[in-house]
J.: 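Please find one structure pasted underneath; my questions will follow.
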Amino acid sequence: MSFLGSLLGIIGFAIGIPVGVSLGFLIFRLTDSTDVKVTVFQVRSLGQFKSFDKDSLIEILPELPLWVKHPDYERVDWLNDVISDMWPYLDKAICGMINSMSESIFSEYIGMYCIRSIDFESLTFGNLPPIIQGIKVHELNEDSLVFDLAAKWAGNPNIVLVLNVLYLPIKVQLIDMQITAAVRLTLKPFVPTFPCFSNIAVSFLEKPDVDFGLKVMGGDLMAIPGLYHFVQNIIKKYVASLYLWPQCLEIPVLDASIGAANKPEGILHVKVIRANELLKMDLIGSSDPYVKLKLSGGRIIPSKKTSVKPKNLNPVWNEEFKLTVNDHMSQVLELHVFDWEKVGLHDKLGMQVIPLMVLKPHEKKELTVGLVKNLDSSDIRNRKPRGSITVELTFVPFVEENMGPNGPIDFYMRKETVSKRLGRSFVNRPGLLLVTVIGAKSVEGKHHSNPFALVVFKGDKRKTKLLKKTRDPSWNEEFQFVLDEAPLEEVIHIEIISKRKHTLGFGSAKEALGHVDINLVDVVYNNRINEKYHLINSRNGMIHVDIKWNAT
């Protein structure tokens, strides 16, 4: 299910892009679309409904746009015209983005389950654009714009994924997709650089309705009795667990080189202590609970998980985690308690959110909060007792210190000497190491140039997206490492690698294009470096990186 979830997450991310992008291109609306004709139901007054009989009224009510049924939603014919005109180009751009994003995800499954290769044979969302039925703009504040969209899309996509299992190609085709969703978009924060906001946060206000056809080896998989509703429920649960408000998908608009995105403010230390009186989900009258925790509205970083406590309704964990905080006045800590299952989806025992604004810097605070089904106060399922969870929270902000006036530091200076020069209290502080791989120049392989960057730090490996057929890749991707002390004796290894599939579609070929090893003592001393380095084992290759150390 992790592979299917990753694929559905990519497609869901891509579908949301046209809405945000189209707002920026309003000024380019010149002509009406000739390919797609959108029929708009127009009503001059609600009094016209009196002329309909009861049966006719029931038939047309589900098709009415929200601006008719709800006066606080506005009609947006102009936006639908923009999307319709731009759709052929948006379709190509979105599909290109999916191709580049899926490359690294697919590579993780090569060799697993006898999979030799995964690739798209066909990837297009068709010629029918989504329709925005209404828009509601919320009251502005000083640093963000929030508005809700009601959207429908009855598309004709042709997405064919080919999995080569052993020597047998298995084709999976997605067709006839229909989506109805209520989406909340938040443009934040406002910055003095076009398009005047640095991120788009996308959330679903309710579980979306998704309908589609799925063919495997030419056969209609959805025709299997019971499978259709099973897949529908899985998709709704998966999407809701990731992007149902207040959870969101954060889409960066301005790249890291501009520096307009939210800068990290500090580190949240979370100690998951225990839970009490959890729900019984297993047949034997118990549960196997674990806790998943993450910060809403942050960067796209995997959530943290506790260990699983088998057959325990009052588990004690006492496990500690560190999370990077970008805006402690607006972010919330999300706590989700699940019942672990060996097969299938894990059942949700309950959840709760804790606003970080209730925390004072450096103050340790223990909180016990009741678990609920969801954050909808009107949902009657929230009346059922689900137990409680106890956590200990401490927000430690970063400090701005420049140690430069103490004189130069030799890269080969002993740690004890460096500690004296910097101050032992500064060296022993935990902090956040931010590594941004901006791009590279003149990287050329003997056989192909499809480069991606591999960042290795203390055994932890992170990869940028793969860019095809380029010698001058631009990634602008940031990686974060939370450390217990300053990395005075650590070295970060960054390698440029080119990857290409074999002609016959089996496996892939990799080629090293050069690497660099960077001593981090200079980063700690100066707080930040932004440099271009010549790549070792490369004729003319160079790499541009930005590395910053934020101490708490």
Side-chain angles (χ1 to χ4, degrees), residues 100 103-104 107 252 254-259 261 263 402-404 406-415 417-418 421-422 431-481 483 486-500 508-550:
S100 62
E103 189 79 26
S104 59
S107 63
L254 299 180
D255 59 47
S257 62
I258 297 177
K263 296 181 180 180
N402 189 350
M403 310 305 293
N406 292 334
I409 286 183
D410 187 350
F411 284 116
Y412 301 100
M413 189 177 294
R414 296 181 61 186
K415 182 177 180 179
T417 306
V418 175
R421 187 72 60 84
L422 292 177
L432 178 69
L433 184 69
L434 297 171
V435 181
T436 303
V437 184
I438 298 174
K441 294 289 184 182
S442 303
V443 290
E444 182 177 359
K446 295 181 179 179
H447 306 288
H448 46 82
S449 294
N450 305 317
F452 69 90
L454 175 66
V455 180
V456 182
F457 178 67
K458 300 181 70 172
D460 190 358
K461 298 181 179 180
R462 312 284 182 87
K463 294 190 294 186
T464 67
K465 58 181 176 291
L466 183 145
L467 301 179
K468 292 185 176 180
K469 298 180 181 180
T470 178
R471 300 176 182 175
D472 303 309
S474 178
W475 293 291
N476 287 314
E477 295 190 33
E478 180 186 277
F479 306 100
Q480 300 183 358
F481 303 90
L483 306 178
L488 291 175
E489 296 182 333
E490 302 295 340
V491 175
I492 192 164
H493 176 84
I494 305 177
E495 186 173 0
I496 309 297
I497 302 173
S498 178
K499 182 177 179 181
R500 184 189 65 178
S508 59
K510 293 183 180 179
E511 182 179 356
L513 305 183
H515 69 275
V516 64
D517 293 314
I518 303 172
N519 292 285
L520 296 179
V521 62
D522 192 37
V523 179
V524 177
Y525 182 70
N526 296 297
N527 297 126
R528 181 178 185 178
I529 60 171
N530 188 309
E531 298 288 346
K532 295 180 180 179
Y533 298 91
H534 289 281
L535 292 170
I536 301 173
N537 295 333
S538 175
R539 181 183 300 177
N540 299 309
M542 298 190 68
I543 185 170
H544 186 189
V545 297
D546 183 289
I547 307 177
K548 186 175 182 180
W549 169 247
N550 288 323

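Remember, predicted model here, so these are calculated numbers, not experimental data. Sequential numbering from 1 along the given sequence is applied to the chain's residues.
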J.: With a 3.5 Å distance limit and no angle check, can you tell me whether Thr436 reaches the backbone of Ile438 through a side-chain donor-acceptor pair?
T.: no
J.: If I compare all heavy atoms of Lys461 with all of Leu454, which pair ends up nearest, and what's the gap?
T.: CB-CD1, 4.1 Å
J.: Spell out, as yes or no, whether a donor-acceptor pair under 3.5 Å connects the side chain of Asn537 to the backbone of Gly514.
T.: no
J.: Determine whether a donor-acceptor pair (N or O, by modelled atom type, separation under 3.5 Å) exists between the side chain of Asn519 and the backbone of Val491.
T.: no
J.: Output yes when a side-chain donor or acceptor of Trp475 lies under 3.5 Å from a complementary backbone atom of Lys465, and no otherwise.
T.: yes
J.: How long is the span from the CG atom in Asn550 to the CZ atom in Arg528, to the nearest 0.5 Å?
T.: 9.5 Å
J.: Which heavy-atom pair separates Ala453 from Val437 by the least distance, and what is that distance?
T.: CB-CG1, 4.0 Å
J.: To the nearest 0.5 Å, what is the distance between NE2 on His515 and OH on Tyr533?
T.: 14.0 Å
J.: Let me know which of Ile518, Asp517, Val455 forms a side chain to side chain contact (heavy atoms under 4.5 Å, CB included) with His493.
T.: Asp517
J.: In the structure I gave you, are the side-chain heavy atoms of Phe457 and Leu483 within less than 4.5 Å of one another anywhere?
T.: yes
J.: Nearest 0.5 Å please: distance from the CZ atom of Phe452 over to the CD atom of Glu495.
T.: 8.5 Å
J.: Going from NE2 on His534 to CD1 on Ile543, what distance comes out if it is rounded to the nearest 0.5 angstrom?
T.: 13.0 Å
J.: Roughly how far apart are Lys510 NZ and His448 NE2, rounded to 0.5 Å?
T.: 11.0 Å
J.: Which atom pair, heavy atoms only, marks the closest approach of His544 to Glu531?
T.: CD2-O, 3.3 Å
J.: Considering all heavy atoms of both residues, which atom of Pro451 and which atom of Thr470 are nearest to each other, and what is their separation?
T.: CD-O, 3.5 Å
J.: To the nearest 0.5 angstrom, please state how far the CD1 atom of Ile547 sits from the CG atom of Asn526.
T.: 12.0 Å
J.: Verify, without hydrogens or angle tests, whether Asn450 (side chain) and Lys499 (backbone) share a donor-acceptor contact under 3.5 angstrom.
T.: yes
J.: Ignoring hydrogens and geometry, is there a side-chain-to-backbone donor-acceptor pair from Glu511 to Lys446 under 3.5 Å?
T.: yes
J.: Judged by atom type as modelled, is there a donor-acceptor pair below 3.5 Å linking the side chain of Arg462 to the main-chain atoms of Gln480?
T.: yes
J.: For the pair Ser449 (side chain) and Arg471 (backbone), establish whether a donor and an acceptor sit closer than 3.5 Å, ignoring hydrogens and angles.
T.: no
J.: Apply the side chain to side chain contact (heavy atoms under 4.5 Å, CB included) test between Trp549 and each candidate in Leu434, Asp522, Val524, Ile529; give the one that qualifies.
T.: Val524
